[in-house]
2 protein chains.
Amino acid sequence: MPKKRTLPYIILGLLAQNREMNGRQITNQFQNEIGEFWKAAHSQIYPELKKMTAEGLIVKSTKADNDKEIYYSITAAGQAMLMQWIKEPLTDLPVSQDMFSLKMFFIDDKADYELKRLIEEEISLLETQLKHLQEREKLLFGGQEPKKAFGHFLILQRAIARLQSQLDWLKSLNI
Amino acid sequence: MPKKRTLPYIILGLLAQNREMNGRQITNQFQNEIGEFWKAAHSQIYPELKKMTAEGLIVKSTKADNDKEIYYSITAAGQAMLMQWIKEPLTDLPVSQDMFSLKMFFIDDKADYELKRLIEEEISLLETQLKHLQEREKLLFGGQEPKKAFGHFLILQRAIARLQSQLDWLKSLNI
DNA sequence: ACTGCCATGTAATTAGTTACATGATTAT
DNA sequence: ATAATCATGTAACTAATTACATGGCAGT
């Protein structure tokens, strides 16, 4: 039994929201909110789009004036597969491959300078990301609960709350 | 340039703390605290141990009465490489491949039943994990700040705080 | 002219997962 | 007896990363 794949579902989800996207537009999605939870390079996406087309989950088309850009749309079969995926129960929590925690884990001595250094670096990274997400929230929703894209709104709220609480915790340490 | 590896450093870190472990003991570490941040199956660990032995980062030995169990210890070269890794600056935040957030992201409608279902499932998973970590904390540290394994203590504290704040946030939602 | 971005693709390699496999020991 | 756990290993496969590659178009 092969490993459970995720990337095809993300692509289906994007195409369910947009009706038509090219490979580059899909790739760019991983630079914002989705990038908090999944990364994929264009070199992985283009072959995946071909595979999904062959499987009948998406269809491609080109514009009359520009045959360089290839647009994809979701099919009924793709829609069905996306819904089935969302309905599958959550079986386990994610493993966040967190270098900060991993390195900390191996520092035995409270007085080790590296401990302090790691905490400062992590605070800096978290603050930058928090600012970025707060700007995204303002840009996309402006503090208002939206009619559509409600899930998107929620995960952005959640990511912000999570960053904020991590920062609070780190700053409360007396190292 | 190949992708930055992490597993060898984790193995070095464990052997820096323990002086001698066999493959199974190393594998088992991924079921507790380290498992929050990294997963590895024994089928990945055994070949890695051989590779690291060939590179002179660790050395192997067997007990006189049991040649089935192979124990490994860290070398000076291994120690040096571990310290160098810890000193490398943190460059970016982890991507937690979180199915809950991903699925939520694709739900547009606040009234969609799947939204409520996902939240309930996530709460259940988080509560189970929180209980587990609270028991670990009691077992390992008993509420006391330790002299040694201070980093271990901190990441356990941090994981618990993070789970707690995620639960608070989910429960505060009115879906 | 040069830099950067749009747009798509392939090649080479590594990391990680699942499954297959063996044999010993311990508990019910 | 037989099931579970200890202990080590290999084989087959997939996912993902890095690097290589091409050509057009827009701005300075």
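Every value quoted in this text rests on a predicted model; they were computed, and no experiment measured them. Below, chains carry the letters A, B, ... as their sequence lines are ordered, and counting in each starts from 1.
Ranking C:dT10, D:dA16, D:dA7 by closeness to the A:Pro47 side chain, first place goes to C:dT10. Each of D:dT10, D:dA7, D:dT18 was ranked by its minimum atom distance to the side chain of B:Arg24; first place goes to D:dA7. Counting only heavy atoms from C-beta on, A:Ser43 has its side chain closest to D:dT18 among D:dA16, D:dT18, C:dA7. Proximity note for A:His42 (side chain, C-beta onward) versus D:dG9, D:dA19, C:dT18: the nearest is D:dA19.
Taking atom CE of residue B:Met21 and atom C1' of nucleotide D:dC6, one finds them 15 Å apart after rounding to whole Å. Rounded to an integer number of Å, the gap from CG of B:Leu49 to P of C:dA15 is 15 Å. Between the CD1 atom of A:Ile26 and the C1' atom of C:dG9 there is a distance of 15 Å, given to the nearest Å. Distance B:Lys60 NZ to D:dT8 C1': 11 Å, rounded to the nearest Å. Across the protein-nucleic acid pair, B:Phe30 atom CZ and C:dT17 atom P stand 10 Å apart, rounded to whole Å. If you measure from atom CG of A:Asn22 to atom P of C:dA7, you get 5 Å, rounded to the nearest angstrom. Remark: P of D:dA7 and NZ of B:Lys63 are 12 Å apart, rounded to the nearest angstrom. We find that NZ of A:Lys50 is positioned 17 Å from P of C:dA7, with the value rounded to whole Å.
Close to D:dT14, at under 4.0 Å from its OP1 or OP2, lies no side-chain N or O of A:Arg5. Residue A:Gln44 has no polar side-chain atom (N or O) positioned under 4.0 Å from OP1 or OP2 of D:dA15. In terms of phosphate contacts, A:Tyr46 brings no side-chain nitrogen or oxygen within less than 4.0 Å of OP1 or OP2 of C:dG9.
In this structure, A:Lys68 and A:Leu7 both approach DNA chain D, and ranking their closest nucleotides by distance from the 5' end singles out A:Leu7. Take the nearest nucleotide of DNA chain D for B:Tyr72 and for A:Lys39: the residue whose nucleotide is more 5' is B:Tyr72.
A:Thr62 places no side-chain N or O within 3.5 Å of a backbone atom of A:Ile70 that could act as its donor or acceptor partner.
Shown here for B:Ala159 and B:Leu133, the closest heavy-atom pair between the two residues is CB-CD1, 3.6 Å.
Using cut-offs of 30° and 60° for the angle between ring planes, the B:Trp85 and B:Tyr9 rings count as parallel. Using the six-membered ring where Trp is involved, A:Phe153 and A:Phe150 have ring planes that are tilted, between 30° and 60° apart.
Defined by atom type and a distance below 3.5 Å, a donor-acceptor pair is missing between the side-chain atoms of A:Gln29 and A:Gln25.
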